[in-house]
2 protein chains.
Amino acid sequence: MQKTSAAPVKFTHVQCGDCPIRHRAVCARCETDELVRLEETKYYRSFEAGQTIVWSGDRMDFVGSVVTGIATLTQTMEDGRRQMVGLLLPSDFVGRPGRETAAYDVVATTDLVMCCFRKKPFEELMVQTPHVGQRLLEMTLDELDAAREWMLLLGRKTAREKIASLIAIIARRDASLKMQKSEGRVIVDLPLTREAMSEYLGLTLETVSRQISALRKDGIIEIEGKRHITIPDFDRLIEEAGDDSDGGFLV
Amino acid sequence: MQKTSAAPVKFTHVQCGDCPIRHRAVCARCETDELVRLEETKYYRSFEAGQTIVWSGDRMDFVGSVVTGIATLTQTMEDGRRQMVGLLLPSDFVGRPGRETAAYDVVATTDLVMCCFRKKPFEELMVQTPHVGQRLLEMTLDELDAAREWMLLLGRKTAREKIASLIAIIARRDASLKMQKSEGRVIVDLPLTREAMSEYLGLTLETVSRQISALRKDGIIEIEGKRHITIPDFDRLIEEAGDDSDGGFLV
DNA sequence: GCATCGGGTTGATTTAGGTCAAGGCTCGCG
DNA sequence: CGCGAGCCTTGACCTAAATCAACCCGATGC
């Protein structure tokens, strides 16, 4: 099962600044003049950990991408049950062209910097420059694959498998960015509270805590503090995750 | 929470044949010469109920859309646990441009006709005619929304709520196509076996059966045979589904 | 120094849904 | 006509995870 696109996009545009929307997220193959037009409507926004960026149903007149930090998309039922439906790491895109209200709560789970564009100009740009739309399609298809992997997790995995999967997912995303892996031994800092993990996994936070303890007791993971995890044998973790495929290299 | 795009696409192209990929799925706003080019690579395929169209990991050199019948996308774990991750009704698109192997099992759950295009020419067409790509982006975004609604269902809803939600989803898709609704009273034919429902909902088929019986006893639904359901009060069903939003008009 | 608070752990108990098992209904076929 | 296969239902029992509750630990504030 292949999760990544056949031909991975190369980010060769060298005049990029620090804004991922230019060099990673959207404008991977864009031309200089398009960059300039995009640039004109660009602005940055910072949020503190815990802050809600938009509430479900609110007007949302921008799109953007995460520069640093982590955000989540969450759905809430009337009685307060919550399910995370999106985990946004740096370079991930937020917002849907063609929709003017947010469909989910968007929350900063760590301190966060986003790079935003007003929606109108962005949509106009999309019409004028097909590359942007094509890149967005690729990203959306990747997200859809991730969502489907997530559905398997939610529908069929045990609590232990869910925890192992989540750690693996974060480790892989981390590793693919930072390459902190050395022959099977992997180190991760969980960027989520136990509660956020429980919302990701469709569990209670007590169960999350218990299963993390269980994995520690069984030597699958080692823990320092609350969040710092080292995985002595990554393949063993993957076994615990019960993944059929390569586990989805995309979150 | 808004599930449909702000400006719903209008299907005004009148020379359409019976192929949904032309008039509904992809070429909503296309020009005649594009249609012609697409037409050249088009072919139909029929499948019987229960037949597997592609296996996860198999080479898949076509994309297409469902004309009549129902297909599903399913993921399987090594030990046989299965989770449905896509339900494809007429006009839904199958396949991912840019990927040459299938990521999921695609199964015909009823007799099925698909309209297919060889992938290469389709991809070339996509590059040449932005409208096709844009339409595909819209469809993919809709699917992503549906997947996220589905995640809430899998992660947080009770068995009873899951069943009620599924019936509501099918009824709405049905109704939006066939308009067989009369003041709150709705009639649906479930196009899925109990087993398929259980794979959709992350339950066992026994639980599905029990909860359907429970909803019948409580007068939420009435059943004739195994599959024919009438919903005397649709709003009451929605209450049982525990939906926060409008419930996602998209499957 | 002490109180408080957010995040985390652990234990005791309950329960929703899974598992195992028996049987029913319908349809096609020898 | 009787038989078996699919599909579905129902019952008895079991277990994984939820619930309820106590408590730990480190940071922050007064």
Side-chain angles (χ1 to χ4, degrees), chain A residues 48-51 77 79-83 107 109-111 153-167 189-218 221-229 240 242, chain B residues 48-51 77 79-83 107 109-111 153-167 189-218 221-229 240 242:
Chain A
E48 285 173 29
Q51 208 179 340
M77 297 172 70
D79 60 5
R81 279 176 283 173
R82 290 167 65 78
Q83 175 63 51
V107 181
T109 50
T110 64
D111 288 345
L153 178 148
L154 289 171
R156 293 303 181 191
K157 290 191 178 179
T158 65
R160 169 181 265 245
E161 288 168 337
K162 286 179 175 181
I163 297 287
S165 299
L166 177 57
I167 295 173
D189 275 292
L190 294 178
L192 301 173
T193 64
R194 299 289 186 264
E195 187 180 30
M197 289 188 230
S198 76
E199 288 180 2
Y200 185 111
L201 299 170
L203 297 170
T204 59
L205 82 175
E206 292 97 325
T207 299
V208 169
S209 185
R210 271 186 253 275
Q211 295 297 336
I212 289 179
S213 299
L215 288 177
R216 183 173 45 67
K217 267 170 210 145
D218 297 347
I221 56 174
E222 293 154 22
I223 309 183
E224 258 177 285
K226 307 292 182 189
R227 306 283 192 88
H228 190 76
I229 290 187
E240 292 289 342
Chain B
E48 285 174 30
Q51 208 180 339
M77 296 171 70
D79 60 6
R81 280 176 282 175
R82 288 168 65 79
Q83 175 63 51
V107 181
T109 52
T110 65
D111 287 345
L153 177 147
L154 289 171
R156 294 303 182 190
K157 290 191 177 178
T158 64
R160 169 181 265 244
E161 287 169 337
K162 286 178 175 181
I163 297 287
S165 299
L166 177 56
I167 295 172
D189 276 292
L190 294 179
L192 302 174
T193 64
R194 300 287 186 264
E195 187 180 31
M197 290 188 230
S198 76
E199 287 179 4
Y200 185 111
L201 300 170
L203 298 170
T204 59
L205 84 175
E206 292 96 326
T207 300
V208 169
S209 185
R210 272 186 253 275
Q211 294 299 334
I212 289 178
S213 298
L215 287 177
R216 183 175 44 69
K217 266 172 210 141
D218 298 347
I221 57 175
E222 293 154 19
I223 309 183
E224 258 178 285
K226 307 291 182 190
R227 308 282 193 87
H228 190 77
I229 291 187
E240 292 288 345

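Residue numbers begin at 1 in each chain, while the letters A, B, ... track the order of the sequences. All values derive from a computational prediction rather than experimental measurement.
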**Q** Does the side-chain contact (heavy atoms from CB on, under 4.5 Å) test come out yes or no for A/T109 and A/T193, once each step is laid out?
**A** CA-CA 8 Å; A/T109 50; A/T193 64; over 6 Å; no
**Q** Without decimals, in angstroms, what is the distance between A/E161 CD and D/dA16 C1'?
**A** 12 Å
**Q** Rounded to whole Å, please give me the gap between CZ in A/R227 and P in D/dA27.
**A** 13 Å
**Q** Could you please spell out the steps behind the side-chain contact (heavy atoms from CB on, under 4.5 Å) verdict for A/K157 and B/M77?
**A** CA-CA 9 Å; A/K157 290 191 178 179; B/M77 296 171 70; 4.1 Å; yes
**Q** Check the distance between D/dC25's P and A/R194's CZ and give it to me in whole angstrom.
**A** 16 Å
**Q** I need the CG-P distance between A/L205 and D/dA17, as an integer number of Å.
**A** 15 Å
**Q** Round to the nearest Å and state the distance from A/E206 atom CD to D/dC20 atom P.
**A** 10 Å
**Q** Using a distance-only criterion (donor-acceptor N/O pair, under 3.5 Å, no hydrogens), is the base of D/dC7 paired with the side chain of B/E195?
**A** no
**Q** Answer with base, sugar-phosphate or nothing: what part of the nucleic acid does A/T193 contact at a heavy-atom distance below 4.0 Å?
**A** sugar-phosphate
**Q** Checking B/I212 against B/R194 for the side-chain contact (heavy atoms from CB on, under 4.5 Å) test, could you report, in this order, the C-alpha distance in whole Å, the side-chain angles of both residues, the deciding distance, and whether it holds?
**A** CA-CA 10 Å; B/I212 289 178; B/R194 300 287 186 264; 3.7 Å; yes
**Q** Which of residues 208-215 of chain B have a heavy atom under 4.0 Å from DNA chain D?
**A** B/S209, B/R210, B/S213
**Q** Over all strands shown, is A/R160 touching base, sugar-phosphate only, or nothing at heavy-atom distances under 4.0 angstrom?
**A** nothing
**Q** Rounded off to whole Å, could you give me the CD-to-P distance for the B/E199 and D/dC7 pair?
**A** 12 Å
**Q** Taking all atoms of both residues into account, what is the closest heavy-atom pair of A/A159 and A/Q211, and its distance?
**A** CB-CG, 3.8 Å
**Q** At under 4.0 Å between heavy atoms, what does B/G202 touch on the DNA or RNA strands: base, sugar-phosphate, or nothing?
**A** sugar-phosphate
**Q** Rounded off to whole Å, could you give me the NZ-to-C1' distance for the B/K217 and D/dT9 pair?
**A** 9 Å
**Q** Please round to the nearest 0.5 Å and tell me the distance separating atom CG of B/L166 and atom CE of B/M197.
**A** 6.5 Å
**Q** With sugar-phosphate meaning primed atoms plus P, OP1 and OP2, does A/L203 contact a base, only sugar-phosphate, or nothing at under 4.0 Å between heavy atoms?
**A** sugar-phosphate
**Q** Name the residue closer to the 5' end of DNA chain D, choosing between A/T207 and A/K226 according to the nucleotide with the nearest heavy atom.
**A** A/T207
**Q** Going 5' to 3' along DNA chain C, which nucleotides are the first and last within contact of chain A (any atom under 4.0 Å from a heavy atom)?
**A** C/dG8 to C/dA12
**Q** Which pair of non-hydrogen atoms, one from A/L203 and one from B/R156, has the smallest distance, and what is that distance?
**A** O-NH2, 3.0 Å
**Q** Find the distance between CG (A/L153) and CD (B/Q83) and round it off to the nearest 0.5 Å.
**A** 10.0 Å
**Q** Applying side-chain contact (heavy atoms from CB on, under 4.5 Å) to B/E161 and A/R81, what does each step give before you reach the verdict?
**A** CA-CA 13 Å; B/E161 287 169 337; A/R81 279 176 283 173; 2.7 Å; yes
**Q** So do the side chains of B/S213 and B/R210 get within less than 4.5 Å of each other, counting heavy atoms only?
**A** no
